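Inspection log for the structure reproduced underneath, given as structure tokens.
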Amino acid sequence: MAYGLPQERIIWHKRLVSLVWRKITGCCLFANLLNILAILFIHYFNMKHFVFDQLYAEGLLSSSSFEKIKSQWANKLLSVHWELRTILYLGILLFSSGLSILVYKNIDTIGHQAVLIFIAIITIGGFYYCYKNKLPFSMMKVEAPNSFFDYLLLLSCLCFIAFIGYLQYQYHAFGYRFGLVTFIPMVTFLFCAYFFDHLGILSLGITNLAAWVGIAVTPADILKANDFNSPTIIITGLLLGIALVLIGKLTLMRNLKSHFAFTYTNFGMHIAFICCLAGLFYFNAVYLLWFLMLIGIAFYFYTVAVKNKSFYLLLVLTLYSYIGLCYVVFRFLFYQASSDGSFYAAFMYLILSAIGLIYFLIAMNKKIKKT
Amino acid sequence: MIAYNKQSLDNLELQDQLEDAFNKNFISVQELNLCKEKYPSKLYSPNPFVRIGLFILTLIITFCTFGLLALMVQLSSENGISGMLIFSGIISYIMLEIMIKANHHYKSGVDDALMWASIIFIVTSLNITGSFSALMNAVVLFALSIYFAIRFANMAISAVACISFLAVIFFTYIKLGTFAKATVPFLLMGISLLIYLVSSKKTFQENRKYYAKCWLMAEIISLVSIYTCGNYFVVRELSNSMFNLNLQEGQSIPFGWLFWVFTIVVPLVYFITGISKKNMVLIRTGLTLIAAIVFTIRYYYRLLPAEIAMALGGALLIIIAYTLIRYLKKPKHGFSDILINKKSFASKQLESLIIVQTFGQAKTNTGNATEFGGGTGGGGGAGGEF
């Protein structure tokens with residue numbers, strides 16, 4: 001991480017700019033997709049008069065319910081809530097990344113202090129506003145006092161991180177312990193998430209926690225950026241995943257901001273499953289042991305899914321365990337010399353197991369819906 | 001025509017409406033269940049996540065069955081494989097009809113997978129020899145997708161039908177010569193506009209109630225396609241690479257100014273019309289395409305360095321959003337900032353994931369200065385060696 005030489009720094013700037021641009025284009029594509037979904041969603045739920053008229057006429061709806069529905073028709077407001085939030089969010093993304101690139105690029109021309117002070121003003125101002133306006137702290141869910149709060153908090157947190165990064169980059173304020181560069185954001189994020197009650201910042205905190213122990217967990221990078229041929233990464237990841245799941249469980253049991261539980265469980269589950277599969281592929285000698293562990297984790301999440309009526313958990317655990325099962329079966333089939341017979345068997349296995357899983361999913365769909 | 005039982009479709013729609021009313025606290029559980037009993041639907045539509053699972057598994061089954069058959073027949077020639085693919089496509093289609101007739105699958109994932117598999121098999125089989133032209137591909141794709149869209153009222157496939165229809169026109173028209181090549185954007189724009197004018201009428205969509213969503217899809221696609229055909233970037237780069245114009249950097253296409261006007265004006269027209277007519281489709285498409293204006297301009301003219309443009313633009317967006325949110329605190333002119341849907345939990349979770357993906361690419365410690373990084377300090381309590 002030595003950016004001393006000017007050429008290296010220029011290369012690094014270019015990489016940063018292109019990275020951010022790619023991020024933004026990705027964002028736009030994603031927003032596009034969401035837009036289409038949202039358009040469909042709104043149209044889908046346009047209430048239709050004749051349906052409710054008919055039901056009311058048949059005496060299936062009480063008159064008070066019918067009145068409520070009617071009042072909905074009368075007030076034909078269009079909600080632009082998510083549109084405005086998207087604009088705000090894009091603005092914050094552009095502003096904070098533009099600012100950090102600006103700082104790195106002009107490091108030789110702008111006074112360092114001036115830059116530091118500018119970022120510090122935004123950070124302090126933002127945090128001050130949030131601190132002044134926030135509702136009293138509680139271990140339950142605390143609503144944001146106004147609609148701008150969450151986004152301002154996000155902006156201040158990101159600026160604070162830019163501030164820390166800049167201090168480290170320019171002055172080596174934290175010496176050469178690079179771990180601190182992820183440790184401080186992690187602590188900041190986690191603290192702010194709990195103090196101000198912000199799910200997005202909690203997720204950022206978890207990502208930084210994972211980065212601190214050496215694993216990339218952002219959705220698009222989890223498979224790309226990690227080297228799953230390293231036993232250290234596999235075992236760290238597995239432990240991290242299990243720890244996150246346990247924290248999620250504790251959060252629920254002790255009622256410590258119990259709405260955070262899903263975020264912990266979700267991250268923990270994916271990390272644990274992916275690392276378990278990686279272990280299955282990597283540790284050849286004891287692969288059955290890893291397979292058993294996979295089954296164990298899957299069974300745990302199965303009970304959670306049934307208990308919480310979560311179709312999402314059900315799908316995720318089914319797919320991950322299916323991958324593990326397929327690996328074990330294929331290993332068995334192709335471990336010796338592979339013949340035509342093993343190809344036939346493999347195809348037969350895939351077809352039959354997929355049919356079996358379809359029946360499983362259909363049965364589970366029924367079971368969860370009923371309870 | 002439509003493969004599903006119409007009565008069941010009506011009842012399913014009614015149940016969806018009731019669920020929505022229930023989610024908004026308008027009706028009670030008893031009323032919901034009573035109505036559902038009175039209007040039962042036989043159609044099998046599981047939860048969206050289960051649908052995804054069934055979709056993947058059905059695709060695995062279909063393609064593995066093809067693999068198994070191909071293995072048993074020991075195919076060697078191109079014709080053999082091509083025939084086999086057609087055969088599989090037909091079998092998938094028959095299975096699809098059986099699943100719908102016998103098991104009443106409707107948007108269950110199984111039917112979606114079989115639809116796509118059947119289209120993919122047939123289109124691949126025609127392309128296996130490599131002598132099939134782009135025009136013929138578009139024609140076949142259009143024929144297949146329009147049939148599937150009519151028979152199964154599937155939204156995604158109706159989008160394919162719409163796009164392939166435009167592709168058919170494009171490939172036919174450019175065969176006519178240089179004049180045709182120069183005017184093809186205008187022709188496509190006109191045709192998209194026609195599709196839009198037909199499909200966007202609310203009464204038109206409601207009268208075709210089973211196909212309402214297919215026509216909505218056509219509406220969105222035609223709006224986007226009108227813009228794409230007039231976008232300077234698309235027209236310049238596409239005509240440069242397809243019609244060998246050999247433009248140098250900085251050189252413009254004939255009538256370049258006209259396309260610049262389209263590039264900038266069309267999204268604004270969408271947006272403003274959308275606001276004055278309170279049309280959400282137009283507003284959202286307009287907003288998304290305004291981003292396309294920025295990208296197109298920046299691709300050719302770098303007025304400001306990227307980071308300054310980003311910081312300024314970002315600040316501007318924050319100010320706009322802030323002012324509007326403030327302004328709409330109380331609903332004005334029929335617009336409001338209220339979150340209508342009660343299921344905000346899922347959207348909050350989704351939002352937090354987007355935040356992580358866009359902001360949170362923290363560098364992992366893989367350098368040499370990270371003795372604490374590895375398994376020694378794994379889990380949450382890393383700290384021992386640090």
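On a predicted model such as this, the values are computed, not experimentally measured, just so you know. Letters go in sequence order (proteins before strands), and every chain restarts at 1. No hydrogens, no waters, no symmetry mates; every other heavy atom, side chains included, goes into these values.
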Just do the side-chain contact (heavy atoms from CB on, under 4.5 Å) check on B:Tyr44 and A:Asn365 with the steps written out, would you? CA-CA 11 Å; B:Tyr44 180 71; A:Asn365 185 54; 3.5 Å; yes

B:Ile60 portion near chain A, given a 4.5 angstrom heavy-atom threshold: side chain

Name the member of A:Ala346, A:Ser310, A:Ala354 that forms the most heavy-atom pairs with chain B at distances under 4.5 Å. A:Ala354

For B:Cys64 and A:Leu350, work out which heavy atoms get closest and say how close. SG-CD1, 3.3 Å

Does any non-hydrogen side-chain atom of B:Phe49 lie less than 4.5 Å from one of A:Leu314? no

I need the B:Leu54 CG to A:Leu357 CG distance, nearest 0.5 Å. 10.0 Å

Full working for side-chain contact (heavy atoms from CB on, under 4.5 Å) between B:Val50 and A:Leu315: CA-CA 6 Å; B:Val50 176; A:Leu315 174 68; over 6 Å; no

Starting at CD1 of B:Ile61, measure out to CZ of A:Phe347 and round the result to the nearest 0.5 Å. 14.0 Å

Nearest 0.5 Å please: distance from the OH atom of A:Tyr359 over to the CG atom of B:Leu57. 13.0 Å

Engaged part of A:Phe189 at the chain B interface, taking heavy atoms whose separation is under 4.5 Å: neither

Applying a strict 4.5 Å limit to non-hydrogen atoms, the region of B:Thr58 in contact with chain A is both

Supply the atom-to-atom distance B:Ser108 OG to A:Ile358 CD1, rounded to the nearest 0.5 angstrom. 8.5 Å

Please classify the contact of A:Leu319 with chain B as side chain, backbone, both or neither, using a heavy-atom distance under 4.5 Å. side chain

Chain A contact via B:Leu316 - side chain, backbone, both or neither, heavy atoms under 4.5 Å: neither

Could you tell me which portion of A:Ile362 (side chain, backbone, both or neither) has an atom closer than 4.5 angstrom to a non-hydrogen atom of chain B? both

Decide side-chain contact (heavy atoms from CB on, under 4.5 Å) for A:Met348 and B:Leu68; before the verdict, give the C-alpha distance in whole Å, the side-chain angles of both, and the deciding distance to 0.1 Å. CA-CA 8 Å; A:Met348 286 303 282; B:Leu68 192 63; 3.4 Å; yes

